[in-house]
J.: 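Please find one structure pasted underneath; my questions will follow.
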Protein chains: 2
Amino acid sequence: MSSDNQFLRSGCPIVNGLDIFGDRWTLVIIRDLVCGKETYSELADSPEKIPTNRLAERLKMLEAENMLVKELYQSKPKRYKYVLTKKGRDILPILQDIAKWGNNYVEGTWAPQEWFMETV
Amino acid sequence: MSSDNQFLRSGCPIVNGLDIFGDRWTLVIIRDLVCGKETYSELADSPEKIPTNRLAERLKMLEAENMLVKELYQSKPKRYKYVLTKKGRDILPILQDIAKWGNNYVEGTWAPQEWFMETV
DNA sequence: TCAGTGACTTCAATTTCGCAAGTAATTAAG
DNA sequence: CTTAATTACTTGCGAAATTGAAGTCACTGA
C-alpha cells in the first residue's frame with residue numbers, strides 16, 4: 001500500500017483551489033471571460049498584456065480542469081471561443097471578494113462595473 | 001511628465017490584490033494566522049511544508065504591506081509573534097469562498113471547521 | 001559543556017516566467 | 001497570382017523565482 005497522495009500539497013480546499021488558479025494569470029483570464037470576452041485575441045488584449053505563451057498554456061489547463069470548454073464558432077479557418085463552465089463561473093464570488101478587498105486597500109484601483117459586484 | 005504607473009500591471013482591483021497575495025504561499029500563511037497560529041515555527045509546521053526561506057520572505061512582505069505586525073512576546077532571546085491587522089483579517093472572506101469552491105469541485109478536500117465558514 | 005530549540009539565512013539546482021520572434025491557415029487587396 | 005493582414009498559437013532563450021537542504025545565531029536547560 002503506497003501512501004501516494006491524491007493531492008499536490010495537502011487536502012485543504014483552499015490549497016487545492018490555489019493549486020489550480022492561484023498563479024499570476026489564471027484569475028485574470030477568468031475575470032475577462034466572466035466579463036464577456038470569448039476569443040484568444042480578446043483575452044490577449046487585456047491591459048495587463050499577458051504573454052501569449054502563458055495565455056495558451058493557461059487556457060489548455062483550464063480546459064483540462066473543465067473550467068471552460070472550447071467551442072467552434074467558425075470552420076474556415078477553424079476558430080474557437082472559450083466558454084466558462086459552471087465550475088469556472090463559480091469563481092465569480094472569489095473575484096468579487098478580491099475586487100472588494102482591492103478597492104478597500106489598494107489606493108487608486110478601478111471600481112468594477114456595477115453588475116460585476118452585484119449580490120456581493 | 002513621465003507616464004510612470006503606480007501599478008505593477010493595471011489598476012484592476014483584482015490584479016492588485018493578486019500582486020500581493022496571489023502566489024503559491026501567501027494565502028496559506030494567512031489561513032494559518034486566521035486559524036490561530038502565531039509563531040514562525042507554528043507557521044512552518046503546516047501540512048503543506050512551506051520552505052523556510054519562502055516563509056521568512058512572505059512574512060516580511062506581509063509586514064511591509066501592513067497585513068500583519070510583528071509583536072515581541074519574549075525578550076531573551078527575542079521572539080516575535082505575527083498578528084494580522086484588519087487589512088490582513090479582511091482576507092478571510094476570500095479564503096472562505098476559495099474553501100467553498102474547493103470543497104465543491106476538488107474531491108476529497110477537508111471540510112474546514114465550522115467557525116471558519118461562519119457567516120458565509 | 002553541550003545538545004536542543006526557535007528563527008531565520010545561504011546556496012545550488014531546478015522550474016517557471018516574460019519577451020520576442022516565428023509559424024500555419026485563410027481571407028482580402030492589387 | 002502574389003503579397004499583406006489577421007487570428008491563434010508555438011518556439012527559444014535569458015532572467016527571475018522556487019525548492020530543498022544545510023548552515024547560522026542567540027540563547028536555554030541539563
Side-chain angles (χ1 to χ4, degrees), chain A residues 5 7-10 12 15-16 18-30 32-33 36-65 68-84, chain B residues 5 7-10 12 15-16 18-30 32-33 36-65 68-84:
Chain A
N5 202 322
F7 300 116
L8 251 59
R9 292 193 284 180
S10 77
C12 172
V15 167
N16 281 277
L18 293 175
D19 283 340
I20 294 175
F21 55 76
D23 71 298
R24 200 168 161 71
W25 291 110
T26 302
L27 289 183
V28 176
I29 295 169
I30 296 176
D32 285 349
L33 291 171
K37 292 192 180 182
E38 295 192 315
T39 64
Y40 187 92
S41 51
E42 285 173 337
L43 293 167
D45 262 355
S46 70
E48 293 85 14
K49 289 278 168 290
I50 176 170
T52 58
N53 52 354
R54 247 31 22 247
L55 174 57
E57 183 213 14
R58 295 281 89 191
L59 287 172
K60 277 203 191 86
M61 180 278 294
L62 287 170
E63 202 191 355
E65 290 285 347
L68 55 77
V69 289
K70 255 170 110 160
E71 280 180 18
L72 194 73
Y73 71 92
Q74 178 189 301
S75 49
K76 277 178 299 173
K78 283 193 177 177
R79 296 282 184 245
Y80 297 90
K81 60 178 177 179
Y82 298 92
V83 181
L84 290 174
Chain B
N5 201 321
F7 300 116
L8 250 58
R9 290 193 284 179
S10 79
C12 171
V15 168
N16 281 276
L18 293 175
D19 282 342
I20 295 174
F21 55 75
D23 71 298
R24 200 167 160 71
W25 291 110
T26 302
L27 289 183
V28 176
I29 295 169
I30 296 176
D32 285 349
L33 291 170
K37 291 190 180 185
E38 297 192 314
T39 64
Y40 187 92
S41 50
E42 284 173 338
L43 292 167
D45 261 357
S46 71
E48 294 84 15
K49 289 280 168 287
I50 177 171
T52 57
N53 51 357
R54 234 66 332 266
L55 174 57
E57 186 217 10
R58 294 281 92 190
L59 286 172
K60 276 203 192 88
M61 180 279 292
L62 288 169
E63 201 191 354
E65 290 284 348
L68 55 77
V69 289
K70 255 170 111 162
E71 282 180 16
L72 194 72
Y73 70 93
Q74 177 189 302
S75 49
K76 278 177 300 175
K78 283 190 178 180
R79 296 282 185 245
Y80 297 92
K81 60 179 180 179
Y82 297 92
V83 181
L84 290 173

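What you see is a predicted model; the values in this text were computed from it and never measured. Within every chain, numbering begins at 1; the chains are lettered A, B, ... in the order of the sequence lines, protein sequences first and strands thereafter.
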J.: Atom NZ of K49(B) to atom C1' of dA21(D): distance rounded to whole Å?
T.: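 These atoms are roughly 15 Å apart.
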
J.: Mind calculating the distance between CD (Q74(B)) and C1' (dG29(D)) to the nearest angstrom?
T.: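 Those two atoms, CD and C1', are 13 Å apart.
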
J.: Mind calculating the distance between CD1 (I50(B)) and C1' (dT19(D)) to the nearest angstrom?
T.: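 So the two atoms are 11 Å apart, to the nearest Å.
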
J.: Let me confirm one number: the CG-CG distance from L84(A) to L62(A), rounded to the nearest 0.5 Å.
T.: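 Going from CG on L84(A) over to CG on L62(A), the span is 8.0 Å.
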
J.: Answer yes or no: side-chain N or O of R54(B) and base N or O of dT18(D) forming a donor-acceptor pair under 3.5 Å.
T.: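 By the distance-only test, no, there is no pair.
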
J.: CZ of F21(A) to CG of L18(B): how many Å apart, nearest 0.5 Å?
T.: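 The CZ atom of F21(A) sits 10.0 Å away from the CG atom of L18(B).
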
J.: Given dT10(D), dT7(D), dT19(D), identify the nucleotide with an atom nearest to the side chain of W25(B).
T.: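 Of all the options, the side chain of W25(B) is nearest to dT19(D).
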
J.: What contact category does K60(A) fall into here, base, sugar-phosphate, or nothing, at under 4.0 angstrom with non-hydrogen atoms?
T.: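 K60(A): backbone/sugar contact only, no base atoms under 4.0 Å.
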
J.: Rounded to whole Å, how long is the line connecting atom OH of Y80(A) with atom P of dA8(D)?
T.: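 To the nearest whole Å, that distance equals 12 Å.
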
J.: How close or far is atom P of dC9(D) from atom NZ of K81(A), stated in whole angstroms?
T.: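 So the two atoms are 15 Å apart, to the nearest Å.
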
J.: Roughly how far apart are R24(A) CZ and L8(B) CG, rounded to 0.5 Å?
T.: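 Those atoms lie 6.5 Å apart.
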
J.: Kindly state which residues belonging to residues 40-48 of chain A come within less than 4.0 angstrom of DNA chain C, counting heavy atoms of the residue only, listed by number.
T.: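 Close to the strand, none.
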
J.: Once you round to the nearest 0.5 Å, how far does CZ of R58(B) lie from CH2 of W25(B)?
T.: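 Atom-to-atom, R58(B):CZ and W25(B):CH2 are 12.0 Å apart.
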
J.: Under the criterion side chain to side chain contact (heavy atoms under 4.5 Å, CB included), which of K37(A), K70(A), E38(A), E42(A) is the partner of K81(A)?
T.: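 Of K37(A), K70(A), E38(A), E42(A), side chain to side chain contact (heavy atoms under 4.5 Å, CB included) with K81(A) is met by E38(A) alone.
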
J.: Nearest nucleotide by nearest heavy atom, which residue falls closer to the 5' end of DNA chain C, P77(A) or T52(A)?
T.: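 With T52(A) and P77(A) compared, the 5'-side residue is T52(A).
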
J.: Whole-Å distance between dA8(D) P and K76(A) NZ?
T.: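 The distance from NZ of K76(A) to P of dA8(D) comes to 18 Å, rounded to the nearest Å.
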
J.: By nearest nucleotide on DNA chain D, pick out whichever of N53(A) and Y73(A) is the more 5' one.
T.: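 Comparing both residues, the 5'-ward one is Y73(A).
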
J.: Any ion pair linking E57(A) and R54(A) (charged N to carboxylate O, less than 4.0 Å)?
T.: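 Yes, this pair counts.
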
J.: Consider the side chain of R24(B), meaning its heavy atoms from C-beta on, and name the nucleotide among dA8(D), dT18(D), dT10(D) that approaches it most closely.
T.: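 Of all the options, the side chain of R24(B) is nearest to dT18(D).
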
J.: Grab the CD-C1' distance between E63(A) and dA8(D) for me, whole Å please.
T.: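 So the CD-C1' distance, E63(A) to dA8(D), works out to 14 Å.
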
J.: Please give me the minimum heavy-atom distance between Q74(B) and K76(B), naming the atom from each residue.
T.: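 Answer, listing the atom of Q74(B) first, then K76(B): NE2-O, 3.6 Å.
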
J.: Starting at atom NZ of K78(A), determine the distance to atom C1' of dC9(D), rounded to an integer number of angstrom.
T.: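 It is 15 Å, rounded to the nearest whole Å.
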
J.: Are Y82(B) and T39(B) side-chain neighbours, meaning at least one heavy-atom pair lies under 4.5 Å?
T.: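 No, their side chains stay 4.5 Å or more apart.
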
J.: Find the distance between CD1 (I29(B)) and CG (L55(B)) and round it off to the nearest 0.5 Å.
T.: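 Output value for this atom pair is 5.0 Å.
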
J.: Measuring from Y40(B):OH to T52(B):OG1, what's the distance to the nearest 0.5 Å?
T.: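 One finds 4.5 Å between OH of Y40(B) and OG1 of T52(B).
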
J.: What is the first contacted nucleotide of DNA chain C and what is the last, in 5' to 3' order, if contact means an atom lying under 4.0 angstrom from a heavy atom of chain B?
T.: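 Answer, 5' to 3': dG6(C) to dC11(C).
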
J.: Closest-nucleotide mapping onto DNA chain D: is E57(B) or S75(B) further toward the 5' terminus? I mean the 5' end.
T.: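 Whichever sits nearer the 5' end wins; that is E57(B).
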
